[in-house]
Every structure is written in C-alpha cells, then in structure tokens.
Amino acid sequence: MSASARHPRLRRRLVLALLLPTLLLIALGALSEYFVARTLTDDAYDQSIAGVAEGLAVTLERDRDNDLPTHFKAMMRTLERIDAPDTWRYLVVDATGRFVDGDPALAPASSPDDGGSTPTFRSVKLRGVDERLATLHYGPRGARATIIVAETVSRRRSATQLIVGWTTLPSVALVLVASAVVLAGVRIALRPLDEVGRRIHAQHVRDLKPLPLVDTPYETLPLLQALNGLIERLRGASRSQQQFLDHAAHQLRTPLAALQTRIELLRDSAPEELRARTAAIEADVARLSHLTTQLLTLERTDGAAAGALDMQRIDLAELIASLAPGFDDQARARGVQLAFELEPLAIEGADWMLREALTNLVDNAMAHAPRGSVVTLRCRPDRAGRGGLVEVEDEGPGIAPESRERAFQPFVRLSERRPGSGLGLAIVRGIADRHSGVAELDAGRGGAGTVARLRFPGAP
Amino acid sequence: MRLLLVEDDASIATGIAEAFARQGDGVDVLANADPAVAALSMTAYDLAIVDVGLPGMDGFELVRRIRQRGLDVPVMMLTARDAVQDRVRGLNLGADDYLVKPFALDELIARGQALVRRSRAAATPVLRCGCLQLDIAARTALLGDAPLELTSREWVILEQLMLAAPNVVSKSQLVDGLGQWDREVTPNAVEIYISRVRAKLAAGDAEIRTMRGLGYRLVEGRTPPAATP
C-alpha cells in the first residue's frame, strides 16, 4: 500500500478520472428516471381514484330511492372486480353532513372545501398505512356533499418500481459496458508506455547507448529525451574517466618501468653481499608493477569507463589455444603440466577482456598447483546449445566452500603466503558481468583442487 | 647486433641501452622521432625499439613512416597505455611486437632477440631454436655443431614445429603434413614420430612440449627434470 502511495499509478488515475464522472452521470440519469416514473404513476392513479369519486358523486345525484349504500357497494364491487381488490375505501357524506355510507375513519383526513368542482388529493397515513385520498365536494353552493375515495399507495409504488426496474436495467448494463471500455481503453492506451519501459530495461546497465526515439509515443518523448540527456552526460563522464585512466596508467607505468629497469641492471652488477637485497627489492618492484597493472585493469573492466565496448563474435576455444604457448611457458617455469579440453564455443565478447580473465584464472591455478600436477583448461557449449562455460581446474589444496564467494572481493587474499594482488578474481568477475556471465569457484572433479568457472549466455 | 632506441624518458632509455650493451649489442638512443627515419635509412640496424608516447611525432606515426620508406627493420613498440586498440593499431601499422610498461628487461631482450632472429631467418632459410638449426633449402639439420640425422617423416615434423615455434602445432596439422608419405597416418603414428624426434633432440637445448588436447610446441631450453611428471 505504501508503495502505491509513493508511486501514484497513472493507470488508476486514468480509470478513476474517466469512470467516476461516467458513473455519476449514469446515476443521475437513473435518479431522474425514478422521479419521472413516480410522477407519471402518481398522476395516473390519482386520476383513477378521482374517477371513482366522480362516479360515486353521479350515483349520489341520481339517487331517488334512498338505497345509496346498496348502490355504492354494488359499484365498488364492480370496480374491484375490474381492478385490484381491498385497496379502495370510500366515505360519502351528504349535503346535510349526514353519513351516507363507507368508512367513517376517512372523515378526518378529508380536504377542506375550496369551492371547486374537481377532486383534491392528499397523502395521509391511516392506521399505519400510507394512503392517497381524493376528496370531492359536490353539489350547489351551500349544499355540498363530501365524497372521499382512498387507496393504499402499495399499488402505485409497485408500478413505479416496475417502471424504474426496467429503465434501470439498461443503465446497469451501461455502467458495466462503460467500465469495461474504460479499463480496456486505458490498458491499450498505456501499452506503448510499458513498451518504452521494457526498452529501457532491456538496455544493459553499462551499455551507454542513447535510447531510440523512433516508434515511441509522442507523450513519452520528453521523458526519453531527458533520459538520453542523462545517458549522454554519463557517457561524457565515462569518457573522461577513461582518459583519466589512460593518463594515470601512463604516469604510473613510466617511472615503474624505469625503476624495474634499474633494479634489474643493479641485480646483474651488484656485489655478492647485496644480491639478496637487490633480489628482494626486485620482487617488491615486480609486485608493485603487478598491482598497478591489475588495479588499472580492474578499473577499466569494472568502472563505468567500460561504457562503450567493442563486442565481437569470439570462439573461446580458439582464444584459449592462442594463449596456450604463453600459459605453457608459465607452466614450464612452475613445473606444471597443462591439459586442454576444448570444444568450439562462440560468444559475443570483448577480446582483450576475455584474454585478461583467462590469464588471471590461469595465474591463480598456477599459483596453487603443486609441482608435477596438471592444470586443465576446458571450454564447451551448453547442452542446450545456448552459451557455454570455460573452466580452469587445478590439483591444488582447494578452497573451502564458505570462502569461495569471498575470494571474488577485491583485495581479499585467502592465502597470505602466496604472492598476488588480490584483484585477479575481482577482475574476472567484473569481466564476467560485462558479458552477462557468471564467475564461480567450485571443488575440482573428485572433490580435490579448485575449478574456476565462467558461464556465458548464448551469442544472439 | 645494432639497435636503435627511440625513447624520451631518459632513465628508461639509459636502462635499456645499458642492458643491451651488456649483451654486447650496440645501442643508439634518440629522444624523439624526427631524426629516427633518417637514422634507420642510413644505418642497417637489426632492431628498432620505439616508445609510443613520444613528444611531437608519436611512435605510431614513426612506425608508419618507417614502413612507408620500405624499411624492413623489425620494430618493437613500448607503451605505458593499455588500450588494446593501441596494440592493434601498432601492429597494423607494421610493428612486429609490443610490450606494455612496466616490463622485465629480460623479457624485452628475449623478445628483441627473437625479432632479430626471425628477420634473419626470413632472409636466410635457416630456422633456429636454441642450438638447433634447420636449413630449409638444403634440408640439413644441426644440433650444436653436430649434424642431426632425420628421416623424411621426422624432418616434416620438426620443420612444422620450428616454423610454428613458439606456437602450438596440432596433431591433425602434423597428420596432414605427413600425408605426402603415408595415406593413412594415425595420431598414434604421430606420437611415435614425435618421441623419436624428441630422443634425437635430447642432447640439445630445444624441447618438444606436449600440449595435451592441443598438440605440440617446440621451445628453447630444457625444462628442469622435476617439472616433468
């Protein structure tokens, strides 16, 4: 709930903005229909009780034999046969104020005589029942009889309900149809927005290409243009970082190269008693050089500086084979045997990064491989044919499962006794990331040693 | 040999010059690229070592001009930058090898000597690896001063390995090479020939390394005995 409060949903707003007024209008329409229906039925039913009153008046006028109650009752019976029974009552009082026939209880509810010759209507509650009364004062001035006809309102109410019911039905249908149309319309209208979102999402985090503006809705252009502006600024920052790194590399490496050169020359001409010290200094300089190179590599692969990469189709088997002579020279020096199990595996990648990753993995394996052991380099496609993996396996002491993930962190060295910058695996992971791949450590086949593995997704 | 070093950083330049001088090589040092082309045209240098980051005309431009003049002196480039495009660009312009600073002097000297050997080998059809020499034209082999007797199949194998060295020759390439004598050469047969050649080289300092799963490569120097499993 809090998430939607902080991120108002455009879809919900649109639906509410469209649907609420529509529903309000439909409700107003239904209300006015109800009033019209009620007015019309009231009029019709009033006319009918007025008619009965007029009829009773005519009977009263014609009466010459003083058997009015019989006539009235006969007439009412006739009427009730035609119309609904038990809903009508009447009261007739003659010009002298004498009760003639009917229900005396109606007397108090009659309308006063206004001198007119048409019935007047009133709504009253008698004995707990809502009734409608028509009062007709009939006869010449001064000698007027009063005729009251009453009817319970239940019939006219049910008539109203019938009318309202049938006229509301289409309104309800209208509400449903309107809601469906609005919901579907909003969804269809917002679909291009989702598409834009997908497009932004599909772009690789560090792939700083501007978003394409073709085929995007006009309304999203300002947003996309703003995003492209941001991307352009990021690219600028990335470019200047790259330039900085190039510059830093040059500035650091030139004196390092001079230092290394001097130390090597010193070693060759140093007197016997200084040999050990020069050798130690030479080792320090070599470590410093290695660390500098590794740091610059890590920055170049890991940082945003890697914004624009030259990705090309690369067969990892060929790449490993091309690096094999160099690896073998290392293996000779360490007294290690190399084995290759290479199947063609083409991926989309940056040549220098993949070389760097493999070199680092082989460096690690060599550092841990005992003399006379075998370091195996493998590459093979996935069984499913999408992507594949590269493995470098050594027969060293292995890495405890709980330490494997930590080994990828920069400057983490699991063994202080072995030389190294602590950046090799961090570089490897950075490179794997840049190729949408995974770098992991595992136990070797048979449980001994270590397998460093790179998994790559398929080339498109 | 005689080499020209074009490097503006004085301490690196003197270091490299001294290292080569100790090998008995003659080194001329220039701090910028402008006089380099003229120097290379007038003197028959065996090797040019060119720094990329030079004041004024840079190393790339120098290499371009050297090749434009038709000079075929081997060129080794030095750089403190590690953009791979630079390496590709240098090699495309006609440089023969490329080293990133900081480097070990030993490696610079070894690779420089390898370049010189290669360019000499291109001039004379004699391949060298350590004390092993193969005269392609005369089809004779020398191990040190002693002639090396090789059967024609062994010759084909060793020639392929020497031509490719220090790179790897795959078993199937060796099988193809032997195809002119044997219709059906099996990989096993290749292993037998290799072991025979190996035995004949045992006295020298060239070694055939088995690259399990890839093939074989010829390298200079002997692997210490402890290293062979």
Side-chain angles (χ1 to χ4, degrees), chain A residues 242 245-247 249-265 267-269 282 285-286 288-290 292-293 296-297 300 310 320-322 324-329 331-342 350-353 355-356 371-374 376-378, chain B residues 7-19 21-23 51-53 78-88 99-110 164-168 170 207 209-229:
Chain A
Q242 183 73 68
L245 278 175
D246 266 1
H247 200 64
H250 189 268
Q251 294 299 322
L252 281 168
R253 281 176 175 157
T254 303
L256 266 177
L259 184 58
Q260 190 158 348
T261 309
R262 280 168 198 262
I263 291 287
E264 279 187 63
L265 290 171
R267 173 198 59 194
D268 293 344
S269 56
E282 194 182 350
V285 171
L288 183 59
S289 297
H290 182 64
T292 308
T293 309
L296 290 167
T297 307
R300 266 160 52 75
D310 267 341
I320 293 172
S322 76
F327 291 162
D328 188 50
D329 287 342
R332 273 178 85 202
R334 295 259 337 155
V336 171
Q337 178 72 44
L338 290 182
F340 298 85
E341 295 168 17
L342 309 177
D351 183 80
W352 72 270
M353 278 200 187
R355 281 172 194 276
E356 200 70 53
R371 286 188 88 78
S373 69
V374 178
T376 308
L377 284 86
R378 279 183 209 103
Chain B
E7 163 67 83
D8 63 316
D9 188 288
S11 58
I12 294 178
T14 41
I16 293 173
E18 193 182 332
R22 284 187 191 178
Q23 306 276 319
D51 183 34
V52 168
L78 301 179
T79 185
R81 298 195 289 189
D82 54 3
V84 187
Q85 296 92 304
D86 283 1
R87 176 155 44 202
V88 175
L99 257 184
V100 178
K101 292 178 188 173
F103 46 82
L105 272 181
D106 293 346
E107 187 175 5
L108 174 66
I109 291 169
N167 292 323
V168 181
S170 72
E207 187 196 357
R209 298 267 301 167
T210 303
M211 304 286 281
R212 219 189 284 170
L214 276 185
Y216 302 91
R217 67 188 284 248
L218 189 71
V219 291
E220 215 180 308
R222 284 247 83 97
T223 305
T228 325

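The structure displayed is predicted, hence computed values, not measured ones. Computed from heavy atoms alone, side chains included, the values below leave out hydrogens, waters and symmetry copies.
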Contacts of Q251(A) that satisfy side chain to side chain contact (heavy atoms under 4.5 Å, CB included) - sequence neighbours left out: H247(A)
Distance in Å, L256(A) CG paired with K101(B) NZ, rounded so as to fall on 0.5 Å steps: 11.0 Å
Option in A10(B), G53(B), A19(B), G213(B) with maximal non-hydrogen atom pairs under 4.5 Å from chain A: G213(B)
Contact class of V374(A) relative to chain B, heavy atoms under 4.5 angstrom: side chain
Pairwise distance CG(L338(A)) to OG1(T210(B)) - rounded to 0.5 angstrom: 11.5 Å
Side-chain donor/acceptor of Q337(A) to backbone N/O of R212(B), under 3.5 Å: no
Minimum-distance pair of heavy atoms, taken over all atoms of P166(B) and P325(A): O-CB, 3.5 Å
Atom pair OG1/CZ of T14(B) and R262(A) - distance to nearest 0.5 Å: 5.5 Å
Closest non-hydrogen atom pair, G15(B) against L265(A): O-CD1, 3.3 Å
Toward chain B, the part of Q260(A) with a non-hydrogen atom under 4.5 Å: side chain
Sub-4.5 Å side-chain heavy-atom contact between E18(B) and T261(A): no
Partner residues of R267(A) under the side chain to side chain contact (heavy atoms under 4.5 Å, CB included) criterion, sequence neighbours left out: E264(A), E282(A), D106(B)
Minimal non-hydrogen separation, D328(A) against R217(B), with atom names: OD2-NH1, 2.6 Å
Interchain contact, A13(B) with chain A, by part (heavy-atom threshold 4.5 Å): neither
Considering all heavy atoms, the nearest S269(A)-R22(B) contact: OG-NH2, 3.4 Å
Chain B interface, residue from L288(A), T292(A), D329(A) that has the most non-hydrogen pairs under 4.5 Å: D329(A)
Side chain / backbone / both / neither for D9(B) at chain A, heavy atoms under 4.5 Å: side chain
